[in-house]
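Read through the structure below, which is laid out as structure tokens, and then see the notes.
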Amino acid sequence: MYEWIKAVHVMAVISWMAGMLYLPRLMVYHVEAPVGSIQSATFKIMERRLLKGIINPAMIVTWVLGLYLAWSAFGFKGGWLHGKILLVLILSGIHGYLAGRVRAFAEDRNVKSARFYRIINEVPAVLMVGIVILVIVKPF
Ligand code: HEM
């Protein structure tokens, strides 16, 4: 059973990461679209559907199954596990922040630049490198 749950955990992780890498990229382009334009309206729909349909449910499944794996096989022990949970908490914070940006775009009150979204786009990728090394190599 453990291996099946881990398989679903990894599927959820892939979906969450795909969305977390794509959402700020959409915002880079959304910044260029004039307020009230048809392009801006399309980006609003894409951002809302990506957040509500994929990123939010994928994060919940990742967390629930990850915590189950951590409890059932490791009793929440291990430096690598604590490091991983810390990095996933930061990732979840960025998730929450991006959800706020989706709302700001929806209400036509975004003030951040395309460069800002380009930079924030890199953070989930860097966190993902650390998380995968911690859980697979378990260096400490
Ligand atoms: C707080 C949420 C999370 C917890 C508590 C958690 C915990 C765990 C645990 C305990 C395992 C099993 C490790 C093993 O059997 O050796 C696991 C597997 C895995 N997790 Fe997570 N995880 C979380 C979120 C994530 C995230 C966000 C990612 C990637 C960005 C991720 C990537 C993976 C991968 C790739 C595996 C498979 C590792 C293997 O088979 O050796 N996890 N996770």
Side-chain angles (χ1 to χ4, degrees):
M1 197 60 190
Y2 181 82
E3 301 299 333
W4 284 99
I5 291 176
K6 189 151 82 172
V8 180
H9 175 67
V10 173
M11 291 172 209
V13 160
I14 290 171
S15 311
W16 188 20
M17 287 309 304
M20 290 291 287
L21 296 172
Y22 188 43
L23 185 58
R25 175 59 37 193
L26 272 179
M27 290 171 176
V28 169
Y29 300 127
H30 196 163
V31 170
E32 314 288 332
V35 168
S37 64
I38 188 100
Q39 295 98 314
S40 174
T42 307
F43 280 125
K44 286 180 190 181
I45 294 169
M46 291 169 81
E47 286 157 2
R48 194 187 65 235
R49 289 197 180 152
L50 185 61
L51 182 70
K52 307 245 178 232
I54 299 198
I55 306 185
N56 285 348
M59 179 190 70
I60 292 166
V61 175
T62 300
W63 264 102
V64 170
L65 299 188
L67 288 173
Y68 174 78
L69 295 171
W71 166 74
S72 67
F74 301 95
F76 287 112
K77 289 197 183 69
W80 65 273
L81 182 57
H82 301 153
K84 181 180 175 181
I85 290 175
L86 178 68
L87 295 188
V88 182
L89 277 172
I90 299 171
L91 188 66
S92 306
I94 294 171
H95 178 140
Y97 178 75
L98 288 176
R101 300 319 301 160
V102 167
R103 238 182 340 268
F105 272 112
E107 293 164 7
D108 293 322
R109 52 178 178 78
N110 171 62
V111 286
K112 308 278 185 204
S113 66
R115 186 176 140 74
F116 172 82
Y117 290 111
R118 264 199 201 94
I119 293 168
I120 207 163
N121 204 179
E122 305 301 327
V123 183
V126 173
L127 289 170
M128 179 262 291
V129 169
I131 292 168
V132 170
I133 291 173
L134 282 172
V135 71
I136 293 190
V137 181
K138 298 189 177 63
F140 49 83

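Sequence positions, counted from 1, serve as the residue numbers for this chain. Remember, it's 1-based here, ligands and their atoms both numbered in the order they're listed.
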**Prompt:** Hey, do the aromatic rings of Y117 and F105 have their centres closer than 6.0 Å?
**Reply:** yes

**Prompt:** Looking only at protein heavy atoms, which one is nearest to atom 38 (C) of ligand 1, and how far off is it?
**Reply:** I136 CG1, 3.9 Å

**Asked** Are any of the side-chain heavy atoms of I94 and M20 separated by less than 4.5 Å?
**Response** yes

**Message:** Show the atoms of ligand 1 that are less than 4.0 angstrom away from any heavy atom in K138.
**Reply:** 14 (C), 16 (O)

For residues 131-140, dump all side-chain donor-acceptor pairs below 3.5 Å to protein atoms at least two apart in sequence or in another chain.
| unit_1 | atom_1 | unit_2 | atom_2 | d |
| --- | --- | --- | --- | --- |
| K138 | NZ | V135 | O | 2.9 |

**Request:** Tell me, please, which residues at least two apart from E3 pass salt bridge (charged side-chain N to carboxylate O under 4.0 Å, His left out).
**Result:** none

**Request:** Would you check the N or O atoms of K6, main chain and side chain alike, for any that come under 3.5 Å of an N or O of ligand 1?
**Result:** yes

**Complete:** Interatomic distance, CH2@W63 vs CG@L91, rounded to 0.5 Å, equals 9.5 Å

**Message:** For K84, give me all partners under side-chain hydrogen bond (donor to acceptor under 3.5 Å, both in side chains), at least two apart in sequence or on another chain.
**Reply:** none

**Asked** Which of the numbered atoms in ligand 1 are below 4.0 angstrom from a heavy atom of Y2?
**Response** 12 (C), 13 (C), 14 (C), 15 (O)

**Neighbouring protein N, O or S atoms of atom 21 (Fe) of ligand 1 [cut-off: under 2.8 Å, no waters]** = H9 NE2, K84 NZ

**Message:** Is it the case that atom OH in Y22 sees more than 12 heavy atoms from other parts of the structure closer than 6.0 Å?
**Reply:** no

**Message:** Can you report which non-hydrogen protein atom sits closest to atom 1 (C) of ligand 1, along with the distance?
**Reply:** W63 CZ3, 3.2 Å

**Residue F74 excluded, over 12 heavy atoms near CZ under 6.0 Å** = yes

